[in-house]
Q: 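Handing you a structure now.
Just so you know, these numbers use all the heavy atoms, side chains as well, and skip hydrogens, waters and symmetry mates. Residue numbers start from 1 in every chain, and the chains themselves are labelled A, B, ... in the order their sequence lines are given, proteins ahead of strands. The structure displayed is predicted, hence computed values, not measured ones.
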Number of protein chains: 2
Amino acid sequence: MALAAFASISSKTRLRIFKCLVEAGSGGLAAGQIAAAVGATPSRTSFHLSNMSEAGLVSSSRQARQITYRLDFKSVGALMRYMLEDCCNNNETVRACCVAKDKC
Amino acid sequence: MALAAFASISSKTRLRIFKCLVEAGSGGLAAGQIAAAVGATPSRTSFHLSNMSEAGLVSSSRQARQITYRLDFKSVGALMRYMLEDCCNNNETVRACCVAKDKC
DNA sequence: ATTTTATTTCAAGGAAAGTTGAAATGAAAG
DNA sequence: CTTTCATTTCAACTTTCCTTGAAATAAAAT
């Protein structure tokens, strides 16, 4: 799942969608609004959103005709934790960057 | 640079190399040792190492015939910070996961 | 029922990345 | 200066991913 998440956010368009959804917060955004915000076609946006969904980065729910996408902040947190703990073995240099900006 | 770094660690083999270099610590490992450790051919390993080098994740230096690769822990820390700060806008849920395991 | 709006799915073509094995480089040793 | 060892580069092939535009689905309004 971590590999898929890393692959997902390594696309320029998807990282833009990601940031967009961070700004939107827990309320999320409809697919069409996301497409407009990042300047991509609906079908391309839909493609990228389902990629992000498979990677566990976003969740979705339908309200009438619109489908709202929300960033799964817990899942993103778990990804960061995986990186820090499982990949970096809690390395101090890396950990310090996560705690305070000036340590980095 | 962040995009390249995410793309780099989204490959199974490269993530294995990454973990291998975390274990090796600041002393690093020679290319051949890395290849043996991850069970990949020298040429494939070399390919992946130069990908990681371009992404800024590792540095290298030659000692006689061997080339030692080291993980750039500062660069990894900066990547984590970028993710937390620039991408996630210091979101509390995400930040909590980086600070303490039980919060995640 | 038909139309409109929002979104997804599909097929096809193009671009990028991964793999392999052989050849090339660079450095030390005989 | 030829051989050996460690690593990289290259070419060819395969696989995977991205993009586009058209068609399909899903829900609401007329």
Q: Here's a test of your reading of the structure: between B:S46 and A:F47, which maps to the more 5' nucleotide of DNA chain D?
A: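 Nearest-nucleotide comparison on DNA chain D picks B:S46.
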Q: Can you measure from CG (B:L79) to CD1 (B:I9) and round to the nearest 0.5 angstrom?
A: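 If we round to the nearest 0.5 Å, B:L79:CG and B:I9:CD1 are 6.0 Å apart.
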Q: Work out which heavy atom in A:T45 is nearest to a heavy atom in A:A31; give both atom names and the distance.
A: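 Minimum heavy-atom contact is CG2-O, 4.1 Å.
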Q: Reading DNA chain C 5' to 3', which nucleotide is the first, and which the last, to come under 4.0 Å of any heavy atom in chain A?
A: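 For DNA chain C, the relevant span reads C:dT4 to C:dT9.
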Q: Expressed as a whole number of angstroms, how long is the span from B:Q33:CD to D:dC5:C1'?
A: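 So the two atoms are 14 Å apart, to the nearest Å.
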Q: I need the minimum non-hydrogen distance between A:G77 and B:C97, along with the two atoms involved.
A: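 So the minimum-distance heavy-atom pair works out to O-CB, 3.3 Å.
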Q: Tell me: CE of B:M52 to P of D:dT8, nearest whole Å?
A: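 B:M52 atom CE is separated from D:dT8 atom P by 13 Å.
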Q: Can you confirm whether the side chains of B:D72 and B:S59 place a donor and an acceptor under 3.5 Å from each other?
A: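 Per modelled atom types, B:D72 and B:S59 side chains form no pair under 3.5 Å.
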Q: Write down the distance between CG (B:L49) and P (D:dT8), rounded to a whole number of angstrom.
A: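 It is 7 Å, rounded to the nearest whole Å.
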Q: Taking atom P of D:dC5 as reference, at what distance in whole Å does atom CD of B:Q66 sit?
A: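 Rounded to the whole Å, the gap is 13 Å.
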Q: Taking NZ from B:K12 and P from D:dT16, how many angstroms apart are they, rounded to a whole number?
A: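 Taking atom P of D:dT16 as the reference, NZ of B:K12 is at 13 Å.
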Q: Using atom CZ of A:R14 as one end and atom C1' of D:dC18 as the other, report the distance to the nearest whole Å.
A: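 Computing the A:R14:CZ to D:dC18:C1' distance gives 9 Å.
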Q: Would you kindly give the CD1-to-P distance between B:I17 and D:dT7, to the nearest whole Å?
A: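 After rounding, the reported distance stands at 13 Å.
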Q: Could you tell me whether the phosphate oxygens of D:dC18, OP1 or OP2, come under 4.0 Å of any side-chain nitrogen or oxygen in A:R44?
A: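 No.
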Q: Using a heavy-atom cut-off of under 4.0 Å over every strand shown, decide if B:A30 touches base, sugar-phosphate, or nothing.
A: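 Since only primed, P, OP1 and OP2 atoms lie under 4.0 Å of B:A30, the category is sugar-phosphate.
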Q: Which heavy atom of B:M52 sits nearest a heavy atom of B:S8, and at what distance?
A: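 In this case the closest contact between B:M52 and B:S8 is CG-OG, 3.4 Å.
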Q: Between atom CZ in A:R65 and atom C1' in D:dT25, what is the gap in whole Å?
A: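 Atom CZ in A:R65 sits about 13 Å away from atom C1' in D:dT25.
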Q: Parallel, tilted or perpendicular: which describes the rings of A:Y82 and A:F6, with under 30° parallel and over 60° perpendicular?
A: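 It falls in the tilted class, 30° to 60°.
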Q: For a quick test of reading the model: is some side-chain N or O of A:H48 closer than 4.0 Å to OP1 or OP2 of D:dT19?
A: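 Answer is yes, contact under 4.0 Å.
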Q: Pick one: which of A:S60, A:S61, A:S26 meets side-chain hydrogen bond (donor to acceptor under 3.5 Å, both in side chains) with A:R70?
A: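 Running side-chain hydrogen bond (donor to acceptor under 3.5 Å, both in side chains) over A:S60, A:S61, A:S26 with A:R70 returns exactly one hit, A:S61.
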Q: Classify the nucleic acid contact of A:S43 as base, sugar-phosphate or nothing, counting any heavy atom under 4.0 Å across all strands shown.
A: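 A:S43: base contact, heavy atoms under 4.0 Å.
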